[in-house]
S.K.: 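Next up is a structure, given as structure tokens.
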Amino acid sequence: MTISADERRTRITEAVRELGTVRVADLATRLGIPAVTVRRDVAALAESGRLNRSHGSVSLAAADPAAPVPAGERVIGMLVPTVGSYFDEVIAGARAAAAKAGARLVLGIAPYEARDDQEQAARLLDSGVDGLLLTPNWQPGGRAEDSAWLGRLPVPAVLVERRAAPESPGAELDSVVSDHRHGALLALRHLAALGHTSVLLAAREDTWTAHQVRTGYTAGAELLGLTAHPVIDLHRPGGGPADPALVAEKIAAAARKGTRAVLVHNDQDAIQLPPVLRSLGLDVPTDVALISYDDVFAALAAPPLTAVAPPKQAVGATALSLLLRRLGGEPDLPAHHIELLPSLKVRTSCGGAA
């Protein structure tokens, strides 16, 4: 029996509401609808504002006003800068905690390039959420007034993987973050234990997390007595990622001078480096020890990359649980600033002693 486009799209929306973020191909398989048809319907749903698309995945754009809300059910809005990598795991942690507590999570996305956090948060509020999990697109050196809107939110909110500047209104909000400075220290400590006395850092400069990793690198190198170097910038001036060949050449030049260890933020940039370094006559890990930061794809590299693994799912779950406590009206509950420590996943990209 042929089903109408409206019925297909209703089934697609219901499946995405149940599954959260899901790959379009997996959605087609689950519903038994040809992938080409699902992609066409998803495009139409995205155009109407009911779904978000990103890198082959789809998620709810915001709470569906037509969706029935059981009496007493908490509806939590979650705003993230992207889906498809790091934040997929953060979302998964929050979603699991919401399901366990009988709450419903709805998702909004404010892409890194858009700078429209306040607008996207307003859309979630318009859908009737009881509270917000927020990951604003804050840049290093941003102005406190850029986050003034956080002080005017009509519902409780928890910052996720962000810590507001002390002088800003957001500083009084609850927050749950990975301690990325400690994560950088873990990587440096491991390299120092292998005998390295000098370590490079290759990192972007245009995200809050990258700024924390850079700060942790400088502080960690000083603490451990390692020689630090100017950071190799993975963000091309004017936008876009740096050319892996140029990055590899800088690493190779440092290796010729005796610095044979590098920490790279993040996985996507780190995975591209071993084959390029090999073309320059340097093997990972024999000639260069390499540690990645994020541990989203690091295990899939050749060779598998040792990686700093922020507790992504635990961050999402902890933030959701903290928000539900706040919504529960616990008396005298102080603002929480929670830091969760990353771990180091040791694989084969560091080799033995330097």
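Heavy atoms only: backbone and side chains are in, while hydrogens, waters and symmetry mates are out. Each residue takes its place number in the sequence, starting with 1.
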S.K.: For residues His336 and Pro334, determine if any side-chain heavy atom of one lies less than 4.5 Å from a side-chain heavy atom of the other.
M.R.: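 A side-chain contact exists here, since the closest heavy-atom pair is under 4.5 Å.
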
S.K.: Please check this pair: side chain of His196 against backbone of Leu194, looking for a donor-acceptor N/O pair closer than 3.5 Å.
M.R.: no

S.K.: Count I, L, V, M, F, W, Y as connected when their side-chain heavy atoms are under 4.5 Å apart, and connections chain through other members. Are Val284 and Leu280 then in the same cluster?
M.R.: no

S.K.: Within the structure provided, determine whether Val16 and Leu45 are in side-chain contact (heavy-atom separation under 4.5 Å).
M.R.: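 Counting from C-beta outward, Val16 and Leu45 never come under 4.5 Å.
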
S.K.: Specify the closest pair of heavy atoms between Leu31 and Ala15, including all atoms of both residues, with the distance to one decimal.
M.R.: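 Here Leu31 and Ala15 meet closest at CD2-CB, 4.2 Å.
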
S.K.: Heavy atoms, side chains only, cut-off 4.5 Å: are Val80 and Leu107 in contact?
M.R.: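 Side-chain contact under 4.5 Å: yes.
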
S.K.: Answer with yes or no whether the hydrophobic clustering places Leu246 together with Ile271; edges join I, L, V, M, F, W, Y residues whose side-chain heavy atoms lie under 4.5 Å apart.
M.R.: no

S.K.: When rounded to the nearest 0.5 angstrom, what is the spacing between CG in Leu186 and NZ in Lys345?
M.R.: 11.0 Å

S.K.: Within a reach of under 6.0 Å around CD of Glu172, are more than 12 heavy atoms found that belong to other residues, nucleotides or ligands?
M.R.: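 Incorrect, the count does not exceed 12.
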
S.K.: Set out, in order, the CA-CA distance, both residues' side-chain angles and the distance that settles side chain to side chain contact (heavy atoms under 4.5 Å, CB included) for Leu125 and Ser127, then state yes or no.
M.R.: CA-CA 5 Å; Leu125 289 169; Ser127 72; over 6 Å; no

S.K.: Between Ile251 and Leu290, is there a side-chain heavy-atom distance shorter than 4.5 Å?
M.R.: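 Answer no - side chains too far apart.
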
S.K.: Can you tell me if Arg325 uses its side chain to pair, donor with acceptor, with the backbone of Leu333 under 3.5 Å?
M.R.: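 Looks like no, no N/O pair under 3.5 Å.
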
S.K.: Please give me the minimum heavy-atom distance between Asp130 and Arg74, naming the atom from each residue.
M.R.: OD2-CA, 3.4 Å

S.K.: Cut-off 3.5 Å, side chains only: do Glu161 and Thr209 have a donor facing an acceptor?
M.R.: no

S.K.: Using a 3.5 Å distance criterion without hydrogens, assess whether the side chain of Asp117 forms a donor-acceptor pair with backbone atoms of Asn137.
M.R.: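 Judged by distance alone, yes, a pair lies under 3.5 Å.
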
S.K.: Donor-acceptor pair, distance only, cut-off 3.5 Å: does the side chain of Thr348 make one with the backbone of Pro303?
M.R.: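 Looks like no, no N/O pair under 3.5 Å.
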
S.K.: State plainly whether the residues Arg11 and Glu7 are in salt-bridge range, i.e. N to O under 4.0 Å.
M.R.: no

S.K.: One pair to check against side chain to side chain contact (heavy atoms under 4.5 Å, CB included): Leu124 and Gln120. What are the steps and the verdict?
M.R.: CA-CA 7 Å; Leu124 288 171; Gln120 294 295 332; over 6 Å; no

S.K.: Between CG of Leu201 and CG of Leu263, what distance do you get to the nearest 0.5 Å?
M.R.: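 One finds 5.0 Å between CG of Leu201 and CG of Leu263.
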
S.K.: Yes or no on salt bridge (Lys or Arg N to Asp or Glu O under 4.0 Å) for Asp233 and Arg214, after CA distance, side-chain angles and deciding distance?
M.R.: CA-CA 10 Å; Asp233 192 357; Arg214 285 172 173 245; 3.6 Å; yes

S.K.: Using only atom types and a distance under 3.5 Å, with no angle test, would you say the side chain of Thr318 pairs donor to acceptor with the backbone of Val315?
M.R.: no

S.K.: For Leu79 and Leu133: C-alpha separation, side-chain torsions, deciding distance, then whether side chain to side chain contact (heavy atoms under 4.5 Å, CB included) applies.
M.R.: CA-CA 6 Å; Leu79 181 66; Leu133 302 178; over 6 Å; no

S.K.: Is there a donor-acceptor pair closer than 3.5 Å between any side-chain N or O of Arg162 and the backbone N or O of Pro136?
M.R.: yes

S.K.: Quick check: do Asp287 and Arg260 have side-chain heavy atoms less than 4.5 Å from each other?
M.R.: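 Yes - at least one pair of side-chain heavy atoms lies under 4.5 Å apart.
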
S.K.: Can you tell me which residue pairs pass the side-chain hydrogen bond (donor to acceptor under 3.5 Å, both in side chains) test with a partner in residues 217-230, sequence neighbours excluded?
M.R.: Ser198-His229, His229-Thr259

S.K.: Hey, could you give me the CD1/CG distance between Ile12 and Leu51, rounded to the nearest 0.5 Å?
M.R.: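 Output value for this atom pair is 8.0 Å.
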
S.K.: Any side-chain heavy atom of Val177 within less than 4.5 Å of one from Leu340?
M.R.: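 No, side chains not in contact.
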
S.K.: Centre of Tyr86's six-membered ring, under 6.0 Å away, within 45 degrees of the axis: is that where NZ or CZ of Lys312 sits?
M.R.: yes

S.K.: Within the 4.5 Å heavy-atom criterion, are Ile76 and Arg104 side-chain neighbours or not?
M.R.: no

S.K.: Do Val58 and Asn52 have side-chain heavy atoms sitting under 4.5 Å apart?
M.R.: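 When only atoms from C-beta onward are counted, Asn52 and Val58 do not touch, as no gap falls below 4.5 Å.
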
S.K.: What's the shortest heavy-atom distance between Tyr293 and Ala184, and which atoms?
M.R.: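 Result for this residue pair: CE1-N, 3.9 Å.
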
S.K.: Between CG of Leu159 and CG of Leu323, what distance do you get to the nearest 0.5 Å?
M.R.: 11.0 Å

S.K.: Taking all non-hydrogen atoms of both residues into account, name the closest pair between Arg163 and Ser175 and its distance.
M.R.: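 Between these two residues, the closest heavy atoms are NE-OG, 2.8 Å.
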
S.K.: Counting N and O atoms only, with roles assigned by atom type, does the side chain of Thr306 sit under 3.5 Å from a partner on the main chain of Arg347, one being a donor and the other an acceptor?
M.R.: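 Looks like yes, one N/O pair under 3.5 Å.
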
S.K.: Looking at Val158, is its backbone amide N or carbonyl O close enough to the side chain of Asp174 to form a donor-acceptor pair, meaning the two atoms are under 3.5 Å apart?
M.R.: no

S.K.: Determine whether a donor-acceptor pair (N or O, by modelled atom type, separation under 3.5 Å) exists between the side chain of His182 and the backbone of Gly216.
M.R.: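 Answer holds: no.
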
S.K.: Drop me the distance from Thr197's OG1 to Leu191's CG, to the nearest 0.5 angstrom.
M.R.: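 Rounded to the nearest 0.5 Å, the OG1-CG separation comes to 11.0 Å.
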
S.K.: Find the distance between CE (Met78) and OG1 (Thr135) and round it off to the nearest 0.5 Å.
M.R.: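 Here the interatomic distance stands at 5.5 Å.
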
S.K.: Which residue is it: Asp269, Asn266, Asp267? I am looking for the one with a side chain to side chain donor-acceptor pair (under 3.5 Å) to Ser292.
M.R.: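 Option passing the side chain to side chain donor-acceptor pair (under 3.5 Å) with Ser292: Asp267.
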
S.K.: Within the side chain of Thr286, is there an N or O that forms a donor-acceptor pair under 3.5 Å with the backbone of Asp283?
M.R.: no

S.K.: Do any pairs count as a salt bridge (charged side-chain N to carboxylate O under 4.0 Å, His left out) and have a residue in residues 176-191, sequence neighbours left out, and if so which ones?
M.R.: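 Output for this query is empty, none listed.
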
S.K.: Minimum heavy-atom separation for Val247 to Ala242, with atom names?
M.R.: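 Taking Val247 first and Ala242 second, the nearest heavy atoms are CG2-CB, 4.0 Å.
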
S.K.: Do the side chains of Val276 and Val264 join up, straight or via other hydrophobic residues, at under 4.5 Å, putting them in one cluster?
M.R.: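 No; Val264 is not reachable from Val276 via cluster members.
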
S.K.: Do you reckon Ile338 sits in the same ILVMFWY cluster as Val160, going by side-chain contacts under 4.5 Å, direct or chained?
M.R.: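 Both belong to a single hydrophobic cluster.
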
S.K.: Do you know the tightest heavy-atom contact between Pro244 and Leu273?
M.R.: O-CD2, 4.0 Å

S.K.: Treating Ile, Leu, Val, Met, Phe, Trp and Tyr as nodes and any side-chain heavy-atom pair under 4.5 angstrom as an edge, say whether Val90 and Leu341 lie in one connected cluster.
M.R.: no

